[in-house]
Amino acid sequence: MQSHKGVQRARVENIRTLLVVGSGKGGVGKSTVSVNLAVALARQGASVGLLDGDAYGPSIPMMLGVRKRKAGQGAEVTLPLAQRGKPTPEQMLTPLPRYGIKIMSVGFFIGEEQAVAPMPDVLGVFIRQLLYSVDWGVLDYLIIDLPPGNGEPQATLCRELQLDGALLVTTPQDIARIDTAKALAMFREAGVPALGVVQNMDGFLCPHCGERVEIFPRSREVREQLDNLPLLGSIPLDPAAALSGDKGQPVVVSNPESPVSIAFMSIAEQVKTIIETQSITIVNQEEAVPMKVNEEGED
Ligand SMILES: Nc1ncnc2c1ncn2[C@@H]1O[C@H](COP(=O)(O)OP(=O)(O)O)[C@@H](O)[C@H]1O
Ligand SMILES: [Mg+2]
C-alpha cells in the first residue's frame, strides 16, 4: 500500500508495474502508443498485460485483431461492481493472448452498437473491478489505455490504485499540448509519477523522397511542465501505422524496421530503464536503513 495525502492505495497482486497511458485529447494516438509499447516491451522479454479502459472508444481489441463476438466471454459476464478487491476464482476472467501480450477491454462488456456508455464516475469503478477480475498471472507491466480527459475515470483510478507511472501522449499542436498539460497537472496532483511524453504524429515522412513534412503548426505555446518532462519519443505520421491499426496488427509487428517501430522500441527501452532505476532507488533506500543500525550497534 502507498500513501499519498493520507489515501491508501492498493497494489494489484502479481503486477510489478502498473502504467497508464493518458492525454487530454482524443485521437492523438493513445491506443496506438499503448498497443505498440505493450508489444515492444513483450518483444524485449517482459511479461505484459494491456487493459483497454476507454469505454467511449475501445479500440485496442480492433487494433489487435480481436472482435467481441470471437472473444467468447464478456457479454454474459457481469462484474461484481459493489465488491472491492479480489473476486472469487469463479468470477475471474481469462485475458486474451495476442502478439505475446494479454489483453482485456471494457469494450468486451459494452455492445459495439450500444450508444450509451457507462457514466464516467461509474467507469472508474468498473475499470478497477475489471483489473482485479482478470487472471493476469505474474506481469512485469500492465498498461491501461485511458480515455481522453482529466476528470473521470482517471480521478477514481489515481485515487484507488497504486499507479507506478503515467505516459502522456500528445501531438505537436497547441490544442493538444494545452490539454495534455492539464492531464499532466491531474496526474501530479494525484501523486502519479509522469514518466515522460510521447510526441505522436510529429511530421510526415514522405514515402517517395524520405523528406519530413510538418503537418501540424509547430506549437509556440510554452507549457513548462510538459517541456520539463523527458521526451520518450517522437513518432512521425506513417500510413503503415494507421493501416496496421485497422488491420489488427501493431506496426511493431507488421513493419518492425520502420522509423515508427524503431521509435516504439526505444520508448519501451526507456520506460524499462526509468522503472528499473526507480526500483533500484527504493531497494537502496531500504538497504541503507539496516546498514546504519548495524553501524550504530557496532559502535
Ligand atoms: N503515428 C501515426 N501514424 C499514422 N496514423 C496514426 C499514428 N498514430 C495514430 N494513428 C491513427 O490515428 C487514429 C487515432 O489514433 P488512436 O491511437 O486511436 O488515438 P486515441 O487512442 O488517442 O484516440 C487511429 O486511426 C490510428 O491508427
Ligand atoms: Mg483510444
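We count ligands from 1, going down the list as the structure has it; atoms in each ligand are counted the same way.
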Logged contact type for Val33 with ligand 1, heavy-atom cut-off 4.0 Å, is neither
Where on Pro148 is there a heavy atom closer than 4.0 Å to ligand 1, on the side chain, on the backbone, on both, or on neither?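 No part of Pro148 is near ligand 1 at this cut-off.
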The Mg ion (ligand 2) reached by Ser31 (N, O or S, under 2.8 Å):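 Here the distance criterion (N, O or S atom, under 2.8 Å) is met by Ser31, so yes.
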Regarding [X] and [Y], do their side chains bring together a donor and an acceptor under 3.5 Å, going by distance alone?
X	Y	result
Ser31	Asp145	yes
Glu152	Thr156	yes
Asp140	Ser47	yes

Return the closest protein heavy atom for [atom] as residue, atom name and distance.
atom	answer
atom 8 (N) of ligand 1	Asn200 ND2, 2.9 Å
atom 26 (C) of ligand 1	Thr32 OG1, 3.7 Å
atom 25 (O) of ligand 1	Asp246 OD1, 4.6 Å

From the candidates [options], the one that places a heavy atom nearest [atom]:
atom	options	result
atom 19 (O) of ligand 1	Ser31, Pro147, Gly29	Gly29
atom 18 (O) of ligand 1	Met63, Lys30, Met201	Met63
atom 2 (C) of ligand 1	Ala242, Pro236, Ala240, Gly27	Pro236

Examine ligand 1 and decide if any of its atoms is less than 4.0 Å from a heavy atom belonging to [X].
X	value
Asp238	yes
Gly245	no
Pro239	no

Taking [X] for its side chain and [Y] for its backbone only, find out whether a donor-acceptor pair lies under 3.5 Å.
X	Y	answer
Lys25	Ala176	no
Thr273	Glu269	yes
Ser266	Ile262	no

Proximal ligand 1 atoms for Ile235, defined as those under 4.0 Å from one of its heavy atoms: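 Checking each atom against Ile235, I get 1 (N).
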